[in-house]
Each structure stands twice: as structure tokens, then as C-alpha cells.
Amino acid sequence: MSFDEYEKALELCTYCPKLCRHTCPVGNAERREAVIPQAKMAMANLVRKGQVELTTETASVFYHCNGCGLCGEYCEHDVDVTPALFAARAEAVNGGMDLPSMKHFTDRFYARNESLLRELHHLVEERYFVEEAQVAYFPSCDTVEHSPGVIGDTLRVLDSVGVDYVALHDGEYVCAGYPFWAAGLMSELSFLAKEISAKLSGYKKVICDCPACVWMMRFLYPQIDAPISAEVLHVVEFLDNYARRIEVSSTVQEAFYHDPCYLGRWLGVFDAPRRLMGRAVREIREFSWNRERGYCCGGGGLLADNLPDVSSKIARRRMDEVARTQVPMVVSACATCERNLARESGGVEVVNLMTLLARML
Amino acid sequence: MSSRDNEQQPVSAPYPEITAQLTEVVGAENLSSSPVDTIAHAVDFWPRKLMETRAGRWHRGPRWVVWPGAAAEVAHVLRIASTYAIPVIPYGGGSSMVGGASPRGERPWLVINCKRMCNILDMDEGSMVVHVQAGVVGVELEERLNARGFSLGHVPTSMTTATLGGWLSTRSSGMLSSRYGRISDLCLGITAVLPDGQLVHTRVAPRRATGPELMHLLLGAEGTLGIITAAHLRLHRLPLHRQFDSFRFERIDEAAEALRRSITSGVRPLVARIQRDPRLRRSDRDPDAPVPDAAALARRVLLLAFEGPAELVEAERGVVRSHVAELGGEALGQAPARRWWGQRFAAGFRMTPVLVRENSFADYVEAGVTWAGLAGLYRAMEEAFASRGWRTRLVVEHARMEGVSLGCAFWGDAASPQEAVASYDAAWKVAQQVCLAHGGRLGHVYGGGQHRAVLLDEWGKGRLELLTRIKRKLDPAGIMNPGVLGTEP
């Protein structure tokens with residue numbers, strides 16, 4: 001997908017009176033005009049048209065986006081800012097911009113992948129890694145690194161509803177490549193996607209605990225000639241069919257549900273996690289910005305790595321709303337969200353939906 | 001050197017020295033001369049300037065952008081700017097539609113972006129008064145107030161992008177102004193920094209009779225006389241009850257008269273709008289739809305919303321219905337007005353797809369008119385634009401005891417970038433002439449800015465001279481947003 005394919009979106013934003021300003025977690029956190037969605041898109045447009053030189057400095061603006069897509073939700077013109085800005089990042093990378101945060105990115109990605117693969121095999125009994133299976137579970141990098149218990153919890157919940165035929169995917173990767181897409185490294189993404197696609201296409205169904213992995217495999221892979229023939233589902237989508245079978249021994253009085261951007265806004269999955277959560281929580285509390293207009297945790301778009309302070313500020317805004325209540329728990333269905341929100345939790349427990357369900361069995 | 005001489009001098013001080021002084025005041029992290037930041041402050045939403053940008057004409061950004069965190073820092077920054085005669089733009093959301101927030105010419109501009117000053121300083125829930133910093137974006141303020149059971153009651157189309165300071169500086173009118181008034185009606189007191197760095201606090205008291213209200217010197221001054229950094233605002237409790245009504249009339253005359261009778265008999269609707277029959281939208285979109293006849297084109301609908309205690313709402317609805325019945329209006333139920341309410345922010349998006357088109361032009365004219373002149377001005381405006389092949393959409397809103405605002409969105413296409421700008425200017429000229437001939441006062445919903453057509457009519461020569469004299473006294477170095485509201489560039 002070339003930069004020019006986003007001409008219409010870039011033009012519309014350039015001539016818009018900044019009406020989505022309030023939706024941008026990065027713009028709200030930084031309070032800097034240059035990083036509101038309209039200004040980032042206008043800068044990308046000026047670079048596209050050659051009216052502003054592409055430099056490390058101008059390109060850096062494209063990385064002040066957490067890729068949440070909330071601005072597009074508010075836009076009456078349905079402009080999709082995230083893919084356009086990620087395409088601008090690709091333009092910057094291809095233009096040889098020496099962005100500090102991108103140094104040795106590919107090497108770091110693969111080194112982390114190797115390390116997490118080893119970790120995964122330590123975490124999960126080998127009997128779960130079965131080559132011949134109808135349904136494969138593809139755990140994500142952030143889950144393995146930051147919420148490793150979620151993998152066992154997921155298998156336990158699946159077992160409890162009689163789904164004992166899910167095997168762990170015994171592949172070479174624990175990431176569908178979202179970091180490459182967000183970094184603008186499209187050729188690296190293309191290579192990785194084709195490798196993963198070839199491996200996963202042997203299954204009938206693939207379930208992931210990372211919403212971004214699901215979105216990548218389901219929607220982006222086909223666009224870069226790496227379609228997966230298997231049906232790719234988030235674990236809550238898969239488990240939703242068995243929700244009534246979940247028998248819990250106790251319940252939590254009340255907890256907030258945080259919509260992960262990719263599970264909610266990008267995949268349109270809002271009710272399934274709430275139905276599942278309803279098995280273990282008597283009162284589900286909603287954030288003021290929820291469902292289609294759910295506010296990001298600050299963990300997307302490589303923001304937590306590139307701009308950690310901004311990322312923390314975004315998470316703090318989300319958790320501040322919880323702090324104003326006496327509710328002790330926030331539940332989500334994405335390891336990246338949990339990691340980021342937990343950093344600003346202020347004593348509130350941030351827990352994965354699978355862990356909560358497993359705990360209450 | 002006299003102050004006037006000073007104004008004409010180019011900035012001669014070394015930039016590094018000025019940068020160092022500004023850094024000392026706001027800190028290095030709150031000052032930027034990076035192209036990333038200066039480009040982001042180069043253009044506001046003045047359609048004329050956007051049309052030039054579209055045609056490839058590059059607009060210079062400011063030399064410096066600073067983000068002060070408090071009024072005291074603003075004062076220091078303005079003293080530096082006065083010392084070196086650096087022109088200053090006070091910056092809120094940068095969504096001005098009249099060039100009020102964009103640098104012009106070759107001088108090195110300093111933008112003071114107020115958005116770090118965004119906190120609620122105090123809230124007196126019993127008196128229903130909030131003290132808030134002016135850099136807060138409108139929707140953020142409203143959300144914070146709603147969380148505590150209150151509303152400001154000011155909802156302009158710029159709700160999601162403009163700041164409180166921008167609203168105050170342009171005397172903004174919101175969609176609910178018929179009930180709650182415009183922002184200047186809601187403002188009880190301000191803190192402002194004058195160009196020489198002096199801080200001014202106007203007192204907040206229910207009733208004062210001790211001299212002129214100086215607050216009103218700065219409200220609507222568009223940053224030409226100082227920078228508003230905080231304000232005390234009147235609040236309203238979140239409504240318990242809201243209802244809608246919609247009525248169709250054969251002509252604008254009856255619709256306007258029904259609204260006039262209602263307003264002048266004491267009804268304060270939350271929303272009162274007269275616009276085209278929404279059913280005509282189908283013929284706009286669908287080329288196969290039957291072409292509406294003259295009668296259909298002449299029909300207008302009156303959309304109303306009411307809020308408050310249920311008894312009061314129902315009483316007001318009753319009064320309106322009786323006036324509508326007297327004038328032969330057809331009741332359409334709640335749905336059309338509800339539908340408009342659900343899409344009340346959509347209007348802000350409508351100009352963009354037009355401006356994206358090569359050689360197009362578009363803008364929004366607003367005229368204040370007393371009830372007596374409304375129907376005549378409405379028809380004259382419609383005919384004047386249509387006869388030149390320009391598209392328009394007229395709406396009557398902001399109803400008050402003495403009259404209303406007539407809003408006119410216009411747009412069209414030309415053969416070249418030059419012709420587009422010429423048509424744009426011509427459209428404003430036509431609007432100005434029609435207003436003068438029919439007793440209207442031309443304006444713009446977003447203030448005056450650099451817009452000459454607006455200024456010529458709105459200000460008039462005498463008023464402009466008076467403003468210039470006041471500005472020279474308060475701003476001898478001529479640094480505050482020069483060139484805006486007809487002040488010396």
C-alpha cells in the first residue's frame with residue numbers, strides 16, 4: 001500500500017478544522033498542536049506533495065500516534081488515520097530517515113521473538129504443542145512477556161467448557177507482525193506474514209489472545225498477499241459460543257471493562273467479552289468512553305517504546321476514571337492493554353478476562 | 001522613539017537572545033522553533049487562506065511557539081515581546097475561520113499556545129459558578145462539568161476543537177444560545193494579561209454598578225488587546241427533561257413569524273432553527289428523485305428543542321404550538337428535530353469536501369437581523385446567491401428577543417485558483433450588499449479576524465478608529481495580533 005493511496009484521506013484532513021482533536025490520546029496527552037490527528041495528516045500530506053522536506057524531524061511526527069483509530073470513529077468522512085500514518089512511517093523508513101527509536105528494529109524484533117519462544121516452551125507443557133490439530137492457539141508476544149499466566153488460564157477455561165482439542169501452535173513466531181506495520185517496515189512484515197500464513201493455513205481455526213494479531217491476520221495479511229485460509233478468531237470470540245457452559249464458583253461484585261482498541265473498534269467485538277465477563281462479575285462498569293469510542297490504554301502504535309511518558313499519561317487518564325470510584329478491578333482482553341494500564345493502576349487490579357474466569361472456576 | 005515608530009521597525013534583536021529569554025520563562029520543553037511546530041501553527045481554518053494553500057502558495061509559520069503554564073508566564077512572555085516588538089498570536093484551537101490565528105507577512109511571529117492552561121481552578125456548586133483556565137478545549141470542559149452534574153450550556157460547532165479562550169475572544173454563539181445566551185452572557189469575570197504584562201482580574205459579583213464593565217473590552221477583541229487566561233462562568237444543572245418539536249410551513253414568512261411570536265412571548269427554547277425541508281435532501285443526493293416543485297422548495301421547517309423542569313418544558317411547548325397553529329404550521333412530531341440533534345456536530349464537517357476540490361470556494365456568512373427584516377433578508381440572500389450560480393444553505397438560528405442570526409453556507413466551483421479566490425471575495429461582497437440593503441449586520445460566527453468584508457460592515461469607520469485608539473494606548477508596541485479586526489498590521 002503506497003503512501004499515495006491515502007491521498008483522499010490526507011487531503012480531507014488537511015482541510016478539516018481539527019474536529020477530531022479531542023479524540024486523540026496522544027494529542028490530549030502532549031497538548032501540542034503538531035501531534036493532533038489533523039496536523040499529523042497535514043504534515044504527511046505536505047511531505048507527500050513535496051511541499052515540506054522529509055527529514056528525521058518531520059518524520060518523527062508520524063510516530064506520535066498510538067494507532068487506536070478513535071479519530072476515525074468520530075470523523076464524518078470516515079477517514080482512517082492509522083493506516084495513513086503508518087504508510088507515512090514506511091515512507092520515512094524507505095527514505096532513509098534515521099529515527100533513533102527505529103535503530104536495529106528488525107534485529108531487536110527477532111531477538112525478542114527467539115527469547116519469547118524459549119519462554120513459551122518453558123511456560124507450557126509440551127503435550128499442548130501438537131502438530132496435527134484442528135484448532136491452534138497462537139499466543140502473542142506481549143502475553144508471553146508480560147502476562148504469561150494468561151496462556152495457562154486460557155487453556156484451563158477452554159478445558160472447563162469441554163474444549164480439549166486446542167493445541168498450541170508450535171511455530172517460529174509469537175507475533176503476527178504488528179510492530180513491523182507500526183514501524184513502517186513493510187518488507188519485513190511481508191516476509192513474516194507469508195511465513196506465518198503458510199504455517200497457520202494448515203489449521204481449520206486459529207485463536208489468538210492478541211486483538212492486533214487477529215486483525216493483522218484477518219484483514220492486513222490478505223492485502224499483502226499472505227491470506228490465511230484458517231478462520232482467525234480472538235479467544236473471546238471463540239469462547240463466546242461456550243459462555244453458558246462456564247460454571248464459576250464465585251463472582252466479583254463489580255469491575256470495569258476496558259475495550260482494547262483492536263478487539264473493539266477494529267474487529268467490532270464488544271458484546272462477547274462482556275458476556276464472558278458477566279459470568280464472573282455481577283456488575284460490569286463502563287468507562288465514559290467505551291465500545292466504539294473506547295479510549296486507548298496508550299500501548300498501541302509502538303508508543304510505549306517510542307514515547308513512554310506519553311503512553312503512561314494516556315494510561316493514567318484511563319485509570320484516573322477508575323480511581324474516582326471505589327471499583328477495585330479493571331478487566332480487559334489484551335496483554336498490551338493490561339501491561340500499560342497496570343503501570344498506572346494506582347492499586348487497582350488490572351486483569352485479563354481469561355485469568356479472571358480461570359480464577360473463578 | 002515613539003510607539004508608532006516602534007511598530008514600523010523590523011525586529012532587530014538577535015533571535016538567540018530572544019529565544020534564551022523565552023526559554024528562561026517557559027522552560028526549554030515549552031518553547032519550539034522546530035518546523036514541525038511552526039508548520040502546525042502556520043494556517044488556521046480561514047477558507048481563503050486554505051484556498052491559497054491548496055493552490056500551492058506556502059504560508060510561513062511563526063518563528064517561535066511557546067506553551068506557558070500560567071498567567072504569570074504569559075505576562076513575562078508579553079513583556080519580552082513588547083521589548084522587541086515581536087507580533088504575538090494568542091492561540092487556542094487554531095480553528096479560526098477568519099484568519100484570526102495565523103501569522104501573516106514576513107515578520108517573525110510568536111505564537112502563545114494556551115492549551116497547557118486547561119484546569120478547573122475552582123467550582124462553587126451552590127452559586128453554580130466555575131473558575132476555569134482559558135486553554136481548555138470546549139468538549140473537555142463540558143465533560144468535566146457533566147461528571148459533576150452541570151453544563152456550561154455553550155455548544156458551538158467548534159465544541160471539539162476550540163478552546164474557552166477562543167470562544168471568549170470571539171464572543172462565540174452556540175447552538176443553545178436561545179436558551180443560555182452566548183459565551184459573553186455566560187462569562188462573569190476574566191483574568192487577562194495586557195500587552196505590557198499587567199494582569200487584570202475583573203471581579204465576580206451578581207450585580208455591579210461601579211463604572212463600565214472592563215471585561216467586555218477583552219471579550220471579542222480576538223487577542224488584539226491582551227490574552228484571556230481564565231474566566232468565571234455561569235453554569236446550569238444538567239437537564240432532567242428534554243423534548244423536541246418540528247413544524248412545517250409553506251413559506252419562510254410564517255415560520256419566522258411563529259418563532260418571533262414564541263420568543264417574544266417569553267419562550268426560551270434550547271434550540272430554535274428554521275431550515276429547508278429535510279425531505280429535499282433526497283433530491284440533492286438522488287439524481288432519479290423527482291425534481292421538487294416551487295412550493296416544495298419554498299417550504300421551511302422549524303426545529304425546536306426544550307429543556308428544563310418537565311412542567312416548564314410542556315408549558316413552553318404549548319405556547320409554541322398555539323402560535324404555530326395560528327400561522328398554519330403543520331406538526332411533524334419530534335423526529336425531525338431529534339434527528340438534527342443527533343447530527344448537530346455534522347455541520348462542521350461539511351465544508352471540507354468542498355475545499356478539497358480544486359478551484360472550489362466555500363465559506364459561511366452570518367448576518368444579524370431584527371425580526372422585521374428577517375424574511376426579506378432571507379429571500380434576498382437566497383436570490384442573490386442563486387442568480388450567480390452559487391450554492392447556498394440558509395438557516396435561521398440564535399433567536400433572541402430582538403431578532404435572529406441568518407446563517408448562509410455558500411459554495412461553488414471556478415475555472416482556476418484565481419477565479420476561485422475572486423468568486424469567494426465576490427460572494428462576501430454580495431452578502432455585504434444584500435445585508436446593507438435589507439437591514440442586516442454582516443458578521444461571521446467565528447469573529448472578524450483578517451476578514452475585510454466583515455470588518456467594513458461590522459465595525460464601520462468610527463468604531464474602527466476607536467478600537468485603534470484603545471489599542472495604541474494598551475498596546476503601544478503594537479504586538480497583539482496586529483492586522484486582526486482591522487487593526488494596524
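Below, all heavy atoms of this structure are taken into account, side chains as well, without hydrogens, waters or symmetry copies. The chains referred to below are lettered A, B, ... by the order of the sequence lines, with proteins before strands, and numbering in each begins at 1.
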Output the donor-acceptor atom pairs between chain B and chain A under 3.5 Å, with atom names and distances to 0.1 Å.
from, atom 1, to, atom 2, distance (Å)
S34(B), OG, E57(A), OE2, 2.7
D37(B), OD1, R32(A), NE, 2.8
D37(B), OD1, R32(A), NH2, 3.4
D37(B), OD2, R32(A), NH2, 3.4
Y91(B), OH, K18(A), NZ, 2.9
G93(B), O, K18(A), NZ, 3.2
G93(B), O, R21(A), NH2, 2.5
G94(B), O, K18(A), NZ, 3.2
K115(B), NZ, E33(A), OE1, 2.7
E140(B), OE1, R31(A), NH2, 2.9
E143(B), OE1, W289(A), NE1, 3.4
T160(B), OG1, L19(A), O, 2.7
T161(B), O, R21(A), NE, 3.0
T161(B), OG1, P17(A), O, 3.3
T161(B), OG1, K18(A), O, 3.1
F349(B), O, H77(A), NE2, 3.0
T352(B), OG1, Y15(A), O, 2.8

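How far CG of L12(A) is from CZ of F349(B): 11.0 Å, rounded to the nearest 0.5 Å.
Contact of L46(A) with chain B is made through the side chain alone, with heavy-atom distances under 4.5 Å. Heavy-atom distances place no part of V35(A) under 4.5 Å from chain B, backbone and side chain included. In this structure, the portions of V36(B) lying under 4.5 Å from any heavy atom of chain A include both its backbone and its side chain. For chain A, the nearby part of I39(B) is the side chain; its heavy atoms alone come within less than 4.5 Å. At a 4.5 Å heavy-atom cutoff, the contact between V139(B) and chain A is made by side-chain atoms alone.
Evaluation of the side-chain contact (heavy atoms from CB on, under 4.5 Å) rule for A427(B) yields F385(B), W390(B), F410(B) as partners, not counting sequence neighbours. For S173(B), the side-chain hydrogen bond (donor to acceptor under 3.5 Å, both in side chains) test picks out R182(B), with sequence neighbours left out. With sequence neighbours left out, A42(B) forms a side-chain contact (heavy atoms from CB on, under 4.5 Å) with no residue at all.
In plain terms, the two heavy atoms of A34(A) and A40(B) that are nearest each other are CA-CB, 3.6 Å. Here the shortest heavy-atom pairing between C16(A) and F45(B) reads C-CE1, 3.7 Å.
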